[in-house]
Amino acid sequence: METKTVKESNKKETVTERISGSEALIKSLLAEGVDVLYGYPGGAIMPVYDELYKYQDKIHHVLTRHEQGATHAAQGYARISGKVGVAMATSGPGATNLITGIADAQIDSTPIVCITGQVYSHLLGSDAFQETDIVGISTPVTKWNHQITSAGEIPEVIAKAFFIAKSGRPGPVLIDITKNAQLEEFDFSYKKCERVRSYKPAPKVDPQKVKAAATLINEAKKPLIVWGQGVILGEAEEELKTLIEKAGIPAAWTILGASAIPTSHPLNVGMVGMHGNYAPNVLTNECDLLIAIGMRFDDRVTGCLERYAKQAKIIHFEIDPAEVDKNVKTDIAVLGNAKESLSMLLPGIKQNSHKQWLQKFKDLYAIEFEKIIKHDLNPTKEGLTMGEVIRAINDQSDGNAAVVSDVGQHQMIACRYAKFNQTKSNITSGGLGTMGFALPAAIGAKMAAPDRDVVAVIGDGGYQMNIQELGTIFQTKVPIKIVVLNNNFLGMVRQWQQLFFDKRYASTELTNPDFVSIAKGYYIDAKRVTKREELTAAISEMMACKDAYFLEVCVEKEDNVFPMIPSGASVSDIRLE
């Protein structure tokens with residue numbers, strides 16, 4: 001390896017070294033602080049893996065059992081750490097297998113960088129073995145992508161990739177590198193990216209908009225805050241807490257916003273949306289001011305837009321201009337990072353309380369508790385409920401575990417009932433609703449936060465989407481806790497079939513394998529619970545285990561998740577049964 005010093009046009013001296021594109025990629029990742037990446041090797045990315053072999057003491061490569069698992073693991077890593085997750089795959093099917101995870105990261109604003117190998121430049125467009133246009137395929141679901149065809153592009157493109165993935169509203173970036181670019185040598189140096197021409201990641205906060213928002217908040221008689229993941233991504237948890245306490249405003253959350261404020265906070269009134277809490281959904285259509293912070297008015301939150309908060313003035317704190325007025329027309333839009341916006345807002349907010357308004361939330365919660373919550377958490381019927389499993393986990397974790405849920409009924413139950421004392425504790429697939437997310441995402445989350453308990457809560461359907469990642473757990477010895485709530489159904493679809501399709505359970509009943517034997521086949525401690533009296537001891541044993549642990553809990557086959565807003569209905573039409 002040859003090193004030399006060159007003078008740049010600004011008279012600064014830069015030390016370069018003559019290395020291959022593959023080694024340049026590894027050094028670029030190290031310069032960005034990457035210490036773990038998830039991937040699966042193949043022919044078109046083999047030169048990079050060969051270089052990675054030499055850097056095993058600096059970058060831990062996790063061999064997942066499927067490329068989709070690599071992207072979800074990178075997501076879990078990013079969501080709990082706030083850093084950029086990294087996934088890597090070969091060309092062709094390796095690259096296309098990343099797409100679901102990339103699409104999931106795009107809609108849930110998760111910063112990941114995916115690196116794919118590609119055939120030699122001179123073969124592009126020739127339908128060479130394992131060639132596919134991954135840049136074209138991934139364009140709709142990435143924040144940015146780029147194909148590198150010469151080694152000299154690598155440092156600048158990788159620096160730009162990490163900057164774009166993490167800045168502003170985060171998202172996934174894909175970098176495709178041809179094989180010749182991996183093999184070529186060039187004079188390498190690295191400089192982190194601090195700006196990209198024409199790209200403005202965070203709009204400048206307008207003080208006049210902030211002042212106008214403060215005036216509306218101070219004048220409101222029945223204000224309601226709904227916050228989303230933008231609070232967590234913007235690291236604005238303390239500012240949000242200060243706002244709701246100073247102004248005395250009830251505050252509700254979307255599923256991706258969960259855990260920004262402790263679930264026990266007296267002004268935390270629960271979850272909005274299709275299976276959210278009764279009070280914040282109903283009272284959305286009674287508030288006189290709706291303050292949306294870092295959320296995008298997703299259809300699962302709003303229900304019928306024509307009947308959503310029409311009586312209220314709307315303030316929208318949002319970093320992405322594309323989300324403003326997209327679904328819900330706002331009266332005041334405050335563009336910018338949530339932390340900066342709320343910090344500017346707080347001095348203009350008057351000390352206040354809304355005791356009578358808050359009492360309405362308490363009254364409606366009491367109705368929901370009597371009709372639903374107490375039966376979910378402390379059932380009298382013979383069969384186990386999903387809710388009592390989450391309650392048992394709460395009892396053991398004291399609200400300090402990170403819960404990684406998959407998609408389906410169990411997801412809604414976990415989000416409704418899990419207790420969270422600290423931020424970045426609820427990790428789930430929100431916008432895309434990706435079954436198979438939780439098992440690999442929990443691997444990434446635990447690796448990013450080794451001192452925290454990480455519990456994956458999964459349905460029997462979603463579990464089998466990426467069950468092969470048990471092999472990754474076995475090989476890496478990552479000590480996650482896996483809880484499969486088994487009702488032998490694709491439960492969420494079955495619930496819709498029961499309520500809206502006259503119980504025609506078309507293709508939703510599952511004949512499942514012996515999950516415990518499968519886990520033990522991967523040398524993972526495992527147990528099955530079928531009776532209530534076994535549950536507490538089993539959860540206690542799982543949480544106390546220093547290694548990975550699999551717990552299957554057989555729950556009621558035809559339990560439904562309520563409350564529920566029927567598709568196309570208003571939030572105030574929420575059903576309690």
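One is the number of the first residue; the rest follow in order along the sequence. Bear in mind that the values here come from a model prediction, so they are computed numbers and not experimental data. Values reported hereafter were calculated over all heavy atoms of this structure, with side chains retained and with hydrogens, waters and symmetry mates removed.
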Quick one: does Leu52's side chain get under 4.5 Å of Ile59's, heavy atoms only?
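Sidechains of Ile59 and Leu52: in contact.
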Met447 side chain reached by Val62 side chain, heavy atoms, under 4.5 Å:
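In contact.
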Any pair with a residue in residues 97-137 that passes ring pair (Phe, Tyr, Trp, His ring centres under 6.0 Å), sequence neighbours left out, goes on the list, sorted by first then second residue, please.
Tyr120-His122
Just grab all the salt bridge (Lys or Arg N to Asp or Glu O under 4.0 Å) pairs involving residues 412-422, residues at least two apart or on different chains.
Glu368-Arg416
Between [X] and [Y], is there a donor-acceptor pair closer than 3.5 Å when you use the side chain of the first and the backbone of the second?
| X | Y | value |
| --- | --- | --- |
| Lys179 | Gly43 | yes |
| Asn97 | Glu67 | no |
| Thr508 | Phe489 | no |

Spatial distance of atom CD (Gln118) from atom CD (Gln147) [nearest 0.5 Å]:
5.5 Å
Please determine, by modelled atom types, if [X] and [Y] share a side-chain donor-acceptor pair under 3.5 angstrom.
| X | Y | answer |
| --- | --- | --- |
| Ser109 | Gln229 | no |
| Ser425 | Gln422 | no |
| Thr110 | Asp108 | no |
| Asp559 | Asn487 | no |

Restricting to side chain to side chain contact (heavy atoms under 4.5 Å, CB included), what partner residues turn up for Asn337, sequence neighbours left out?
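So Asn337 forms a side chain to side chain contact (heavy atoms under 4.5 Å, CB included) with Ile319, Lys339, Glu340.
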